[in-house]
Amino acid sequence: MIAKIKGTRDWLDLSLFNFVIDQVRAHCALYAFDEVKTPILEPVDLFKRSLGLETDIVSKEMYLVHTGHDEETICLRPEFTASVMRAYCEAGIQEKPWNVFSIGALFRHERPQKGRYREFHQINLERIGSETVESDVELILFLERLFAEKLQIDSYALLINFLGCAADREKFKGALRVFLDQNDERMCSTCKVRKERNIMRVFDCKNPACQELYKSAPKIADHLCPTCAAEWLLMRTMLEELSISYTHAPNLVRGLDYYDKTVFEFVSNALGSQSAFCGGGRYNGLSQALGYNRSLPSVGAGIGIERLLMIIEAQQQKLQIPFKKKLIAVLPLGNEQRRAALLLADELRARNVCAVPVLTNESTKAMFRAANRLGAAFTLIIGSDEIRDGMVTVKNMTTGAEERVPQMKAIELMVQG
Ligand code: HAM
């Protein structure tokens, strides 16, 4: 038997997934975010130039697609942001800010574990062409209201850091290099390479000894220019005004090269070691890194659907998840009544009633069991007598009560519920 690929999963019950997506779509409509869809296949260069060559995603997690044409360098998208920016520039969109969201699958060749898949799904939000701190705060507000109010999640924290502008980061890298040079023997071999190639990426290291060391490293928030320092202060003041609790995480750099200024993550200890269920931030240099001729300051976030569902599953009794639509089974007592059952089911569906004719070749008892398995509220039974008299026997599957009524009356009863 062929099994599924490691790190992927089958979705055999989509009720919670669809419930969450419906809530998100309604929330997006309130904030005037429109849905867009970009291809799953993208040029590898799109991510090399935006995420950075030294990031985990580009250096070891990309799914490259071999088409047999050597010159083609195509991959399965590992994230949405670069694709959405590419689409904006390529289509020559002028609208600013362009508020859009996407929902779909992403691919990263990571080591699978709880909450970490090789094919996973995100709800991704981007606000392209928006330079103010207030728009960062509004995006965080969007997320906070979604998690706390629409999805009623209660056990999470918001971590924030401020990476400053490019000049601030250059200054900071100098201070960081001095610190790392002094502590060279305490760093893992990957961090030593990263120190030389892309020094800020050392903070992505998952090695506990490195993490411990970096707790005493210089902090980027202490190396901000006056403009960035004022923005960072304004951001914190506004979050407090809006009563959004947050924690300053001074080493949060978010694993991707395109970020500057604001970065944030929503984390939950219900998730174990893969605790972030949403991450995002500002990316002012991405359009130019992709070769566009103008800077397009932007901000966005990605919500990991698998992780979000893990949190919600544990507390779903709090949510008003709609029950499945009432289902009516139509049960022919003999082979000759099968056609009539199919026609009656068609009549019911034309009146917007969910109906399933039991069209198997089994005993009546087995067909009743099938109706029960379907979760039928009522079963409409058609035998030869019923056909002769234009009647139907309506069986209430909860009480077991049966009533023989004209076919039109049975349809009306089912429509009324
Ligand atoms: P990211 O932090 O790489 O950011 O991913 C965002 C979220 O996707 C994570 O917080 C996590 O919940 C989920 N996620 C990531 N990798 C996996 C995985 N292997 N398995 C399950 N869930 C995963 C980005 O992707 C940025 N593009 C977000 C963004 C949008 N920044 C600005 N705009």
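Computed from a predicted model, the values in this text were never measured in an experiment. Just so you know, ligand 1 is whichever comes first in the structure, and atom 1 is the first atom listed for that ligand.
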> More than 12 non-hydrogen atoms from neighbouring residues, nucleotides or ligands closer than 6.0 Å to CD1 on I5, yes or no?
Replying inline: no

>> Just to verify, which of E240, R236, E144 counts as forming a side-chain hydrogen bond (donor to acceptor under 3.5 Å, both in side chains) with Y246?
In response: E240

> Among F264, F162, W232, which residue meets the ring-ring contact (aromatic ring centres under 6.0 Å, His included) test with H248?
Replying inline: W232

>> Nearest non-hydrogen contact with atom 11 (C) of ligand 1 belongs to which option: R307, R127, R116, E79?
In response: R307

> Just by modelled atom types, is the K37 backbone N or O under 3.5 Å from a matching donor or acceptor in the S102 side chain?
Replying inline: no

> N124 heavy atoms, cut-off 4.0 Å: which ligand 1 atoms fall inside?
Replying inline: 30 (C)

>> Keeping E79 on the side-chain end and A82 on the backbone end, is there a donor-acceptor pair under 3.5 Å?
In response: yes

> With respect to atom 6 (C) of ligand 1, which of Q122, Q113, R108 exhibits the smallest heavy-atom separation?
Replying inline: Q122

>> Give me the nearest non-hydrogen protein atom to atom 13 (C) of ligand 1 as residue plus atom name, then the distance to 0.1 Å.
In response: G304 CA, 3.6 Å

> Between F142 and F33, is a ring pair (Phe, Tyr, Trp, His ring centres under 6.0 Å) present by the stated rule, with each step listed?
Replying inline: CA-CA 11 Å; F142 169 110; F33 275 72; 5.4 Å; yes

>> For atom 31 (N) of ligand 1, what is the closest protein heavy atom, and at what distance to 0.1 Å?
In response: Y259 OH, 2.6 Å

>> Quick check: A301 and ligand 1, any N/O pair under 3.5 Å apart?
In response: yes

> Against heavy atoms of G115, which atoms of ligand 1 measure under 4.0 Å?
Replying inline: 20 (N), 21 (C), 22 (N)

> Can you name the closest pair of heavy atoms from A371 and T379 and give their distance?
Replying inline: CB-OG1, 3.8 Å

>> Taking a cutoff of less than 4.0 Å between a non-hydrogen atom of the residue and any ligand atom, is E306 in contact with ligand 1?
In response: no

> Which heavy atom of the protein is the closest neighbour of atom 20 (N) of ligand 1, given with residue, atom name and distance?
Replying inline: Y117 N, 3.0 Å

>> Only heavy atoms of G279, strictly under 4.0 Å: list the atoms of ligand 1 that pass.
In response: 10 (O), 28 (C), 29 (C)

> Which of the atoms of ligand 1 are close to Y258, meaning less than 4.0 Å from one of its heavy atoms?
Replying inline: 26 (C), 27 (N), 31 (N)

> In the protein, what heavy atom is nearest to atom 30 (C) of ligand 1, and what distance, to one decimal place, separates them?
Replying inline: T81 OG1, 3.0 Å

> Near G280, which atoms of ligand 1 are under 4.0 Å from a heavy atom of that residue?
Replying inline: 31 (N)

> Counting distance only, does the side-chain N/O of N124 pair as donor-acceptor with the main-chain N or O of F80 below 3.5 Å?
Replying inline: no

> So which of A276, G7, G255, S102 gets nearest to atom 9 (C) of ligand 1, if we judge by its closest heavy atom?
Replying inline: A276

> For ligand 1, which atoms have a heavy atom of E126 less than 4.0 angstrom away?
Replying inline: 30 (C), 32 (C), 33 (N)

> Starting from atom 2 (O) of ligand 1, which protein heavy atom do you reach first, and at what distance in Å?
Replying inline: R254 NH1, 2.8 Å

>> Against the six-membered ring of F368, is K395 placed for a cation-pi contact (under 6.0 Å from the centre, within 45° of the normal)?
In response: yes

> What's the shortest distance from atom 14 (N) of ligand 1 to any protein heavy atom, and which residue and atom give it?
Replying inline: F120 CE1, 3.4 Å

